Amino acid sequence: MNNSLSYTVSPDGRELYLPLPEPFSFTQNVSYLARAAGECMHRVVDGRIRKAIPVDGETEGDSSLSVVVEVFEEQPGRLSVRFLAPEEPPSELVRDAVALYTREWFDLDTDLAPFYHMASKDPLLELPIRTHHGLRTIGIPDLFEALCWGIIGQQINLPFAYTLKRRFVERYGRSLEYNGECYWLFPSPKDIAALPVEELTELKMTTKKSEYLIGVAGLVSSGQLTKEKLLGAGDLKQAEKMLVSIRGIGPWTANYVLMRCLRTPSAFPIDDVGLHNAIKHVLGIDRKPTKEEIVKLSANWTGWQSYATFYLWRLLY
DNA sequence: CTCCAGGTTGCGT
DNA sequence: ACGCAACATGGA
């Protein structure tokens with residue numbers, strides 16, 4: 001995307017302005033981010049989103065350039081990103097990295113018009129696109145974070161998944177401080193790759209999950225698994241194959257990561273329990289749909305399965 | 001106590 | 001290829 005760094009800077013150099021696509025509802029996206037009380041990777045204060053954003057330095061493993069920002073929409077059609085910490089104004093390198101992260105985070109480069117056109121005539125999607133008009137698939141731009149969140153969330157309820165992530169992040173991550181509060185950066189794959197399994201099981205991860213996390217951390221820290229390699233895989237099926245070959249990553253996690261991190265529009269975690277419950281809810285039936293029914297119901301979603309899933313999930317949380 | 005939860009693995013047919 | 005138990009823990 002050649003305009004992916006397009007933004008303007010305030011006179012004092014502490015604010016970035018990103019043009020917003022249409023449709024985009026800041027309120028909808030904030031509500032999504034505010035919905036989970038247990039989330040430890042960001043915070044919503046007075047309708048503004050605060051978060052530590054990782055910025056890699058010139059030298060490998062240098063995370064000292066990371067910043068805390070506040071995201072809001074002061075002027076319609078324009079997203080403001082204000083640097084809260086550290087004190088020094090951000091360099092151009094940092095501004096570029098934060099602008100890119102924010103574009104990926106809020107999926108600012110996707111034209112939703114075709115999706116809304118399709119969804120307005122879809123029996124399952126008509127309701128969620130009305131209720132959450134302007135919602136974007138909120139991304140997890142960091143590959144290791146996306147993989148970990150997928151693995152941590154496997155087969156457990158959401159509140160517990162947030163608890164596990166918080167323990168993990170607060171034990172192995174780094175935090176920046178602003179206004180007396182901690183803003184956490186996700187642990188680095190290098191640090192996690194070096195851990196013995198017993199340390200993670202102490203956090204009440206299962207033994208298997210602990211093994212998966214450490215294994216994936218090794219692949220990411222060694223550069224064997226990168227966003228570039230997944231994006232360069234060719235198509236969804238190839239990327240999915242690459243991910244599923246990794247121990248601890250099955251079809252659900254692969255598609256979840258492709259959806260939230262690589263932004264593959266046709267990624268589709270079709271076995272997802274939440275998706276099944278959302279469909280059950282929209283159809284007003286007292287049982288979960290079968291896989292065959294879901295295949296039929298999603299027949300017109302081609303190329304937008306990822307957005308369809310995200311909007312349906314949103315109905316439940 | 002039971003059932004379920006934003007699954008995956010490994011072994012059986 | 002498909003089915004199914006085991007995994008381990010917390011929430012309802």
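Below, chain A is the first sequence line, B the second, and so on; all start at residue 1. Treat the numbers as computed from the prediction; the structure is a model and nothing was measured.
- Taking the side-chain contact (heavy atoms from CB on, under 4.5 Å) definition, one finds that A:Ser10 meets it with A:Asp12, A:Glu15, A:Tyr17, sequence neighbours left out.
- Under the salt bridge (Lys or Arg N to Asp or Glu O under 4.0 Å) criterion, the residue pairs touching residues 236-248 of chain A are A:Glu211-A:Arg247, A:Lys237-A:Glu240, with sequence neighbours excluded.
- A centroid separation of less than 6.0 Å is found between the aromatic rings of A:Phe310 and A:Tyr32.
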Scan nucleotides 8-13 of chain B nucleotide by nucleotide, 5' to 3', and note B when protein non-hydrogen atoms come under 4.0 Å of the base, S if they reach only the sugar-phosphate, - if neither. SSS---

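- Pairs passing the side-chain hydrogen bond (donor to acceptor under 3.5 Å, both in side chains) check and including a residue from residues 271-290 of chain A, sequence neighbours excluded, read A:Trp252-A:Asp272, A:Asp272-A:Trp313, A:Arg287-A:Glu293, A:Thr290-A:Glu293.
- Residues satisfying the salt bridge (Lys or Arg N to Asp or Glu O under 4.0 Å) criterion with A:Lys227, sequence neighbours excluded, are A:Glu104.
- With sequence neighbours left out, A:Arg43 forms a salt bridge (Lys or Arg N to Asp or Glu O under 4.0 Å) with A:Glu181.
- Applying the salt bridge (Lys or Arg N to Asp or Glu O under 4.0 Å) rule to pairs touching residues 151-171 of chain A yields A:Glu39-A:Lys165, A:Arg166-A:Glu170, A:Arg171-A:Glu202, sequence neighbours excluded.
- A:Glu70 meets the salt bridge (Lys or Arg N to Asp or Glu O under 4.0 Å) test with A:Arg48, A:Arg50; sequence neighbours excluded.
- In terms of position on DNA chain C, the residue among A:Thr207 and A:Asn157 whose nearest nucleotide sits closer to the 5' end is A:Thr207.
- Note: CH2 (A:Trp149) to P (B:dG7) measures 12 Å, nearest angstrom.
- Think of the region where chain A sits on DNA chain C: with heavy atoms and a 4.0 Å cut, that region ends 5' and 3' at C:dA8 to C:dG11.
- One P atom belongs to B:dT9, the other to C:dG10, and the distance between them is 23 Å to the nearest Å.
- Contacts between residues 288-296 of chain A and DNA chain C, defined by a heavy-atom separation below 4.0 Å, involve no residue at all.
- The distance between atom CD of A:Gln155 and atom C1' of B:dC4, rounded to the nearest whole Å, is 8 Å.
- Considering only residues two or more places apart in sequence or on other chains, A:Asp107 meets the salt bridge (Lys or Arg N to Asp or Glu O under 4.0 Å) condition with A:Arg263.
- Listed by first and then second residue, the salt bridge (Lys or Arg N to Asp or Glu O under 4.0 Å) pairs involving residues 129-155 of chain A are A:Glu126-A:Arg130 (not counting sequence neighbours).
- Contacts of A:Thr163 with the nucleic acid, taken as non-hydrogen atoms under 4.0 Å apart, are absent.
- Residues A:Leu84 and A:Asn179 fail the side-chain proximity criterion, which asks for heavy atoms closer than 4.5 Å.
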